[in-house]
Amino acid sequence: MKHPTFSRRRLLRLTCAAAPTGLFAPAVRFLPPARAAEAKKPLIVYFSMPETDNPLHMTRDEENNTVVVDGKVLGNTQYVAMLIRQKTGGSIFRLEPVTPYPKEHRALVSLAEKEQAGDIRPKIAEAPNLTAYDTLFLGYPNWWADMPMILYTFLEQPDLPGKTIIPFCTHVGSGFSRTIETIRKKQPGARVQETGFAVYRQNMDTAPAGVAAWLRKTGYSL
């Protein structure tokens with residue numbers, strides 16, 4: 001699929017096929033036991049917080065934290081998660097808090113800082129069933145040089161011995177910071193891949209090619 005150059009607002013016009021690997025293919029959250037072969041495909045779990053759902057008249061902060069595809073607003077991390085699903089054929093699951101985060105930029109930044117300072121664990125509305133999957137792609141934005149605290153909630157609940165965790169993140173200049181080490185500490189029985197995918201929010205136009213090249217190296221492309 002050819003990805004046109006981003007405009008200043010990074011407005012993408014992608015024509016996605018109706019096949020399951022299309023960007024907007026329906027999310028398959030859980031695999032029935034009879035489809036054991038599908039377990040070889042990964043599960044993509046991510047948290048993303050777009051600050052608007054309106055593709056028009058965005059503020060600069062809203063532009064920086066979103067990608068618009070065919071009129072639909074996606075958070076940067078959400079967009080990367082969908083690219084990974086498109087390239088791997090995996091299932092996808094979005095982590096959402098019981099209490100929704102504010103969309104206004106300053107309020108969101110302030111709450112993220114308070115959660116981190118207070119070592120808070122936001123409750124997750126629904127947790128994914130991980131038993132059918134051997135490989136887990138785990139995505140998040142880098143907030144205050146760390147994972148959002150909802151990722152701590154997620155990583156402290158399931159035990160993932162023997163599973164492979166492959167991190168990916170979006171950021172404003174800090175890359176992964178020390179988050180891969182944190183994931184390893186939270187899940188000592190899992191195999192945490194160090195060569196994750198991190199993309200700077202101003203370079204989201206490079207994400208399609210970057211994700212494709214990274215997945216070829218990891219061996220998870222279709």
Side-chain angles (χ1 to χ4, degrees), residues 1-17 22-25 27 44-87 92-97 99-117 122 125 137-151 167-177 179 196-215:
M1 178 182 296
K2 184 177 180 180
H3 296 266
T5 303
F6 281 46
S7 68
R8 176 177 173 275
R9 297 244 336 258
R10 292 181 285 111
L11 179 63
L12 296 186
R13 298 185 180 279
L14 303 183
T15 303
C16 299
L23 202 61
F24 291 115
I44 302 129
V45 176
Y46 74 95
F47 168 75
S48 187
M49 187 61 217
E51 296 177 10
T52 181
D53 55 11
N54 185 352
L56 303 175
H57 311 299
M58 289 187 183
T59 66
R60 178 63 62 86
D61 289 320
E62 289 168 349
E63 288 182 6
N64 286 337
N65 290 292
T66 59
V67 176
V68 181
V69 183
D70 289 339
K72 181 178 177 63
V73 179
L74 307 176
N76 288 342
T77 307
Q78 180 181 17
Y79 177 57
V80 176
M82 289 187 171
L83 290 173
I84 295 171
R85 178 178 66 171
Q86 185 183 45
K87 293 296 184 181
I92 196 165
F93 191 98
R94 180 174 181 172
L95 296 174
E96 298 189 43
T99 302
Y101 283 103
K103 289 187 175 181
E104 197 277 323
H105 180 73
R106 291 184 180 179
L108 178 60
V109 169
S110 176
L111 178 58
E113 185 178 26
K114 289 178 181 178
E115 285 186 346
Q116 189 179 104
F137 284 86
L138 184 63
Y140 47 91
N142 184 326
W143 283 359
W144 296 102
D146 202 349
M147 296 181 294
M149 297 309 294
I150 194 171
L151 268 296
F168 63 97
C169 84
T170 57
H171 62 91
V172 296
S174 299
F176 278 109
S177 298
T179 58
F197 179 78
V199 58
Y200 179 42
R201 70 179 185 181
Q202 299 294 343
N203 296 334
M204 292 304 296
D205 57 327
T206 70
V211 166
W214 170 61
L215 289 174

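Partner His105 forms a side chain to side chain contact (heavy atoms under 4.5 Å, CB included) with one of Asn64, Asn65, Thr59, Thr52 and no other, that one being Asn65.
In this structure, Val45 and Leu95 approach most closely via the heavy-atom pair CG1-CG, 3.7 Å. The two residues Phe47 and Pro97 come nearest to each other via the heavy atoms CE1-CD, 4.4 Å. Scanning both residues, Ala207 and Phe197, for their nearest heavy atoms gives O-CZ, 4.3 Å. Heavy atoms only, all atoms of each residue included: Pro167 and Trp214 are closest at O-CZ2, 3.9 Å. Scanning all heavy atoms of the two residues, the minimum distance from His57 to Glu62 falls at O-OE1, 4.3 Å. Considering every non-hydrogen atom in both Gly175 and Asn142, the closest pair reads O-ND2, 2.8 Å.
Leu151 is listed as a side-chain neighbour of Leu138, based on a closest heavy-atom distance under 4.5 Å. For the pair Tyr46 and Arg85, the minimum side-chain heavy-atom distance is 4.5 Å or more. Taking 4.5 Å as the limit, some side-chain heavy atom of Leu108 sits within range of a side-chain heavy atom of Trp143. Val68 has its side chain within reach of Met58: a pair of non-hydrogen atoms, C-beta onward, lies under 4.5 Å apart. Using a 4.5 Å heavy-atom threshold, the side chains of Met49 and Gln78 count as separate. Considering only heavy atoms from C-beta on, Phe168 comes within 4.5 Å of Thr77 through its side chain.
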Applying side chain to side chain contact (heavy atoms under 4.5 Å, CB included), run through Val73 and Asn54 and close with a yes or a no.
CA-CA 7 Å; Val73 179; Asn54 185 352; 5.9 Å; no

Could you walk me through whether Thr170 and Arg201 pass the side chain to side chain contact (heavy atoms under 4.5 Å, CB included) check?
CA-CA 6 Å; Thr170 57; Arg201 70 179 185 181; 5.8 Å; no

Decide side chain to side chain contact (heavy atoms under 4.5 Å, CB included) for Tyr79 and Met204; before the verdict, give the C-alpha distance in whole Å, the side-chain angles of both, and the deciding distance to 0.1 Å.
CA-CA 9 Å; Tyr79 177 57; Met204 292 304 296; 3.7 Å; yes

Would you check, one step at a time, whether the test side chain to side chain contact (heavy atoms under 4.5 Å, CB included) holds for Tyr140 with Ile150?
CA-CA 10 Å; Tyr140 47 91; Ile150 194 171; over 6 Å; no

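Separation of atoms OG1 (Thr66) and CG (Asn76) is listed at 6.5 Å; rounding is to 0.5 Å. Within the model, atoms CD of Gln86 and CG of Leu215 stand 10.5 Å from one another, a figure rounded to the nearest 0.5 Å. Atom OG in Ser174 sits 10.0 Å away from atom OH in Tyr200 (nearest 0.5 Å). Going from atom CE of Met82 over to atom NZ of Lys87 covers 15.5 Å, rounded to the nearest 0.5 Å.
Of the possible donor and acceptor atoms, none in the side chain of Asp61 sits under 3.5 Å from a partner among the backbone N and O of Glu104. Without hydrogens or angle criteria, Ser177 side chain to Thr179 main chain gives no donor-acceptor distance under 3.5 Å. Checked by atom type and distance alone, the side chain of Arg94 pairs as donor or acceptor with a backbone atom of Ser48 at under 3.5 Å. Remark: side-chain polar atoms of Trp144 are paired, donor with acceptor, to backbone N or O of Val109 under 3.5 angstrom.
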